[in-house]
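The sequence lines fix the lettering, A, B, ..., with proteins before strands; numbering per chain opens at 1. Every value quoted in this text rests on a predicted model; they were computed, and no experiment measured them.
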Amino acid sequence: MSYKIVSKQQLSENVFTIEVEAPLIARARKAGQFVIVGVSNEYGERIPLTIAGAEPVKGTIRLIFQRVGKTTTQMADMNVGDSFGHVAGPLGKPTHVQKFGTVVCVGGGIGNAPLLPIAQAMKQAGNTILSILGSRNKELLILEEEFKIISDELIIVTDDGSYGRKAMVTEPLKELCRRNPKPDLVVAIGPTIMMKFCCETTRPMQIPTVVSLNTIMVDGTGMCGGCRVEVGGKTKFVCVDGPEFDGHQVDFDQMMKRMTAYRKLEQQALDAYQEHRCKIGLDQR
Amino acid sequence: MSLDEARLHELLQKQQAGQVKAKDRYEIPSQPMPAQDAVVRRSNINEVALGYTETQARLEAMRCLQCKNAPCVEGCPVRIRIRDFVAAIADGKYDEALAIIRENSLLPAVCGRVCPQEVQCQETCTVGRKFKDVDKSVSIGRLERFVADRHKGGLLPKIAPPTGKKVAIIGSGPGGIVCAADTRRAGHDVTVFEAFHKPGGVMVYGIPEFRLPKAIVQEEIDVLKKMGVKIVCNFIVGRTRTIGDLMKEDGFDAVYVGVGAGLPRFMGIEGEQLVGVYSANEYLTRSNLMRAYAFGKGSDTPIAQSKRVAVVGGGNVAMDAARTAVRLGAEKVYLVYRRSEKEMPARVEEVHHAKEEGIEFHILQNPKRILGNEMGHVVGIECLRYELGEPDDSGRRRPVPIDGSEFMLDVDTVIVAIGNGANPLIQQTTPELEFNKWGNVIVDEKCATSMKGVYAGGDIVLGAATVILAMGQGRIAAAAINEYLAKG
Ligand SMILES: Cc1cc2nc3c(=O)[nH]c(=O)nc-3n(C[C@H](O)[C@H](O)[C@H](O)COP(=O)(O)OP(=O)(O)OC[C@H]3O[C@@H](n4cnc5c(N)ncnc54)[C@H](O)[C@@H]3O)c2cc1C
Ligand code: SF4
Ligand code: FES
């Protein structure tokens, strides 16, 4: 299998979307599932990425990623025609989709990518979709058009007020939750801290809130335990028990600490790679 | 001529004259395994045990009494004709010895290295019994390794004409490899599906290079490929395709499920979610499969850069994790085990090597909680001392905690190696299959499951077991599959 990149687009300064050949995954995947990709087969990280969309007939899946560490920087340097070392999936349990009534979809930053297929599936199941998309500024906002198509209402917020309202996503979320009748479900996907505060917002109003967790992963089959989080006081493995959980049960503080485990080493790897890019002239392209 | 060579020469002459007595055999010293220096090997990942020389192998083989009843064979889970292959080595007929082993075991280079011989063939060996010391038994495993290593490249077995039947093997561990080889030999069209990006199962991602060089496993995989077995990696059965899809839509007539163990157990104590707490599986996968040991030198898999490490457990997995931590640069590595050393399930040789490498054993102790700093990083582990009480169900004396015996170990990393549950994916996605309450697949004596045409073996059936048991079940399942496909 080749896992070739067939298209690539830059969505914002650091966010890219690519279409990759993976016919079996394209056929099997459902909303909410993810893949684990690796740039090389011999060395390197295996990183989880949500499947943002798929074309079963063409045999491709769509991935959206943010350039943050060494592996994602390397991926951003790849071009149409280049291939991944490996892509495995679809992993995780699919989103539980049914007609709930009104579903509020809250996306923050790159979280809009995993949120989109879920929002689409919820729409298709006959739900009313109220979307809140947040980003630091106008340039960093992604997938606005896609959300516009499926949302009955779309609210945009930015940290600096350069687009939409100047607010955090929790502000309009609170307003929507206060409506009568109140929404039946909230789906929040974004930075861990954002998901935490969304859950704090909906908890007092007792609105079920689903979050999708993006922990560190290794195998994705339930073998290593690297992806574990505490949910309702029990250890859960995100790759096989998730990635979606009842947000009111998740211990976000623990999770945030665990996410920082490799920050220093990741920076080292990134620095070394940047230096290497410099030497071979990649950054002049 | 060296002393050993002279001794061998003399013995061989006596042998020819038919004059070697049991007493002569008892007098041959048990041959030690040459090994890398304990200090040097702390900073490399190369294999520790270097293998017998030819002289050593023949001397060791001469120690065998050729017992009529061959109790060693009884002790071997796959009934290798041990007495006969050892005799062949004594005679210098190494190819013949290998052929004898291969009648029953397809992975001698692996098993010679990782089997717990001291509780299998060597436990029952008459020589060991005579000296009342299992360490004095004929070193059957080392001899097995010796003949396997002499014959690099593997033998290509004969393959029957195509039957038109398709077999899917799920998981490329030892059970899967053997089942693939045996069903392919019968002429079936065989595909191995593996979730990881490299085949080999635990032999690749779990057992470290310094104990089982990856090139050996690769050779076995290459033999499979040469036999015409297809190997598809990055394919997660249950997710990419289900067993039902494979059989109903993709035309597979039979399936072997060999997905191994999963869901590492944690202790359920305070602090287990802290940064710096690993399951041994994660720690070993990062360093073996993803080569974290080469971080900054080609690899970018991060792993804790530990100074002081506590490994919890007493099995092979715990030894492997502790010895890996040493090689990744830890200055102090503690091994914390709840029972006494006698009860450690690890191979004796690994325990011995671990001690030589400076790992500090904390026996009859068990963690109570793991302490962290404000950043959520591990800073220590509080342990309790234990004493041995009454025997439990397993017949081993139950360790009981001594009240008020708490003490602290200063560590920045804790690796938990206390076993695994079953891999959950197949259960989640195959409603037709029957599982027991621990999530292991239920099979009959032929390794057949409750689903027609589906067989299973290895750790997913036995719970965490051994390479040789997984291999044995792979064989039994293959025979049953071949029989099943011949009928229909
Ligand atoms: C660190 C460590 C050290 C050990 N040391 C020893 C030792 O010294 N001696 C000994 O005898 N035994 C040892 N063992 C145990 C031994 O390795 C296992 O008992 C044996 O490997 C089990 O073999 P298996 O055939 O069940 O498959 P495994 O080797 O467990 O392999 C299963 C394979 O299936 C793949 N898989 C899982 N799910 C799926 C899926 N859904 N679809 C496709 N593929 C899937 C996995 O990625 C894996 O490659 C050790 C184990 C570990 C972890
Ligand atoms: S039991 Fe020991 S001495 Fe007897 S045949 Fe087996 S290996 Fe040889
Ligand atoms: S990623 Fe290894 S168990 Fe989830």
Trainee: Measuring heavy-atom distances to chain A, does Glu272(B) have an atom under 4.5 Å in its side chain, in its backbone, in both, or in neither?
Mentor: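 Answer is backbone: N, CA, C or O of Glu272(B) sit under 4.5 Å from chain A.
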Trainee: Calculate, to the nearest 0.5 Å, the distance between atoms CG and SG belonging to Asn420(B) and Cys224(A) respectively.
Mentor: 10.5 Å
Trainee: With a 4.5 angstrom heavy-atom cut-off, which part of Lys234(A) approaches chain B: side chain, backbone, both or neither?
Mentor: neither
Trainee: Considering non-hydrogen atoms only, spot the tightest contact between Arg286(B) and Val218(A) and give its length.
Mentor: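 Distance-wise, the nearest heavy atoms are NH2-CG2, 3.8 Å.
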Trainee: Check each atom of Ala261(B) against the heavy atoms of chain A and say whether the ones under 4.5 Å are side chain, backbone, both or neither.
Mentor: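 When you check distances to chain A, only backbone atoms of Ala261(B) fall under 4.5 Å.
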Trainee: Answer yes or no: are there more than 12 heavy-atom neighbours, outside Lys4(A) itself, under 6.0 Å from its atom NZ?
Mentor: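 Not more than 12 within 6.0 Å, no.
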Trainee: At their closest point, which heavy atom of Ile236(B) faces which heavy atom of Ala88(A), and how far apart are they?
Mentor: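 Closest approach of Ile236(B) to Ala88(A): CD1-CB, 3.8 Å.
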Trainee: Of the backbone (N, CA, C, O) and the side chain (C-beta and beyond), which part of Val35(A) lies under 4.5 Å from a heavy atom of chain B, both, or neither?
Mentor: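 Contact with chain B involves no heavy atom of Val35(A) at all.
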Trainee: Using a 6.0 Å cut-off, check whether atom CD of Gln124(A) has over 12 heavy atoms from anything other than its own residue.
Mentor: no
Trainee: Among Thr242(B), Val277(B), Val416(B), Asp245(B), single out the residue with the greatest number of heavy-atom pairs under 4.5 Å to chain A.
Mentor: Val277(B)
Trainee: To check you understand the geometry: which heavy-atom pair defines the closest contact between Arg239(B) and Val240(A), and what is its length?
Mentor: NH2-O, 4.2 Å
Trainee: Please tell me if the side chains of Lys257(A) and His377(B) come closer than 4.5 Å, counting only heavy atoms from C-beta onward.
Mentor: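 No; the side chains remain at least 4.5 Å from each other.
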Trainee: Under 4.5 Å between any side-chain heavy atoms of Asn234(B) and Val87(A), yes or no?
Mentor: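 Side chain of Asn234(B) against side chain of Val87(A), heavy atoms only: no contact under 4.5 Å found.
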Trainee: Report the C-alpha separation of Leu263(B) and Met223(A) in whole Å, then their side-chain angles, then the decisive distance to 0.1 Å, and conclude whether the side chain to side chain contact (heavy atoms under 4.5 Å, CB included) test is met.
Mentor: CA-CA 5 Å; Leu263(B) 297 183; Met223(A) 183 276 290; over 6 Å; no
Trainee: Below 4.5 Å, heavy-atom pairs only: which of Thr221(A), Asp219(A), Val229(A) has the largest tally toward chain B?
Mentor: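 Highest number of heavy-atom pairs under 4.5 Å: Thr221(A).
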Trainee: If you look at every heavy atom in Pro264(B) and Phe237(A), which pair is closest and at what distance?
Mentor: CD-CE2, 3.6 Å
Trainee: Would the distance check show the side chain of Glu282(B) and the main-chain N or O of Met217(A) forming a donor-acceptor pair, the cut-off being under 3.5 Å?
Mentor: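 Not a single qualifying donor-acceptor pair exists.
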Trainee: Taking side chain as everything from C-beta outward and backbone as N, CA, C, O, which of these in Val259(B) sits under 4.5 Å from a heavy atom of chain A? Side chain, backbone, both or neither.
Mentor: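 No part of it gets close to chain A.
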Trainee: If I measure from the heavy atoms of chain B, does Arg27(A) come under 4.5 Å with its side chain, its backbone, both, or neither?
Mentor: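 Contact with chain B is through the side chain of Arg27(A) alone.
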Trainee: Flag yes if more than 12 heavy atoms outside Lys30(A) fall under 6.0 Å of its NZ atom; otherwise flag no.
Mentor: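 No, not enclosed.
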Trainee: Check each of Asp253(A), Asp251(A), Thr235(A) against Gln273(B) using the side-chain contact (heavy atoms from CB on, under 4.5 Å) test, and report the only one that passes.
Mentor: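 Of the listed residues Asp253(A), Asp251(A), Thr235(A), the side-chain contact (heavy atoms from CB on, under 4.5 Å) partner of Gln273(B) is Thr235(A).
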Trainee: Can you tell me which portion of Glu374(B) sits under 4.5 Å from chain A's heavy atoms? Options are side chain, backbone, both or neither.
Mentor: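 Answer is backbone: N, CA, C or O of Glu374(B) sit under 4.5 Å from chain A.
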Trainee: Say whether, by atom type as modelled, one donor and one acceptor occur between the side chain of Ser279(B) and the main chain of Gly225(A) under 3.5 angstrom.
Mentor: no
Trainee: With a 4.5 Å heavy-atom cut-off, do His86(A) and Lys198(B) have their side chains touching?
Mentor: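 When only atoms from C-beta onward are counted, Lys198(B) and His86(A) do not touch, as no gap falls below 4.5 Å.
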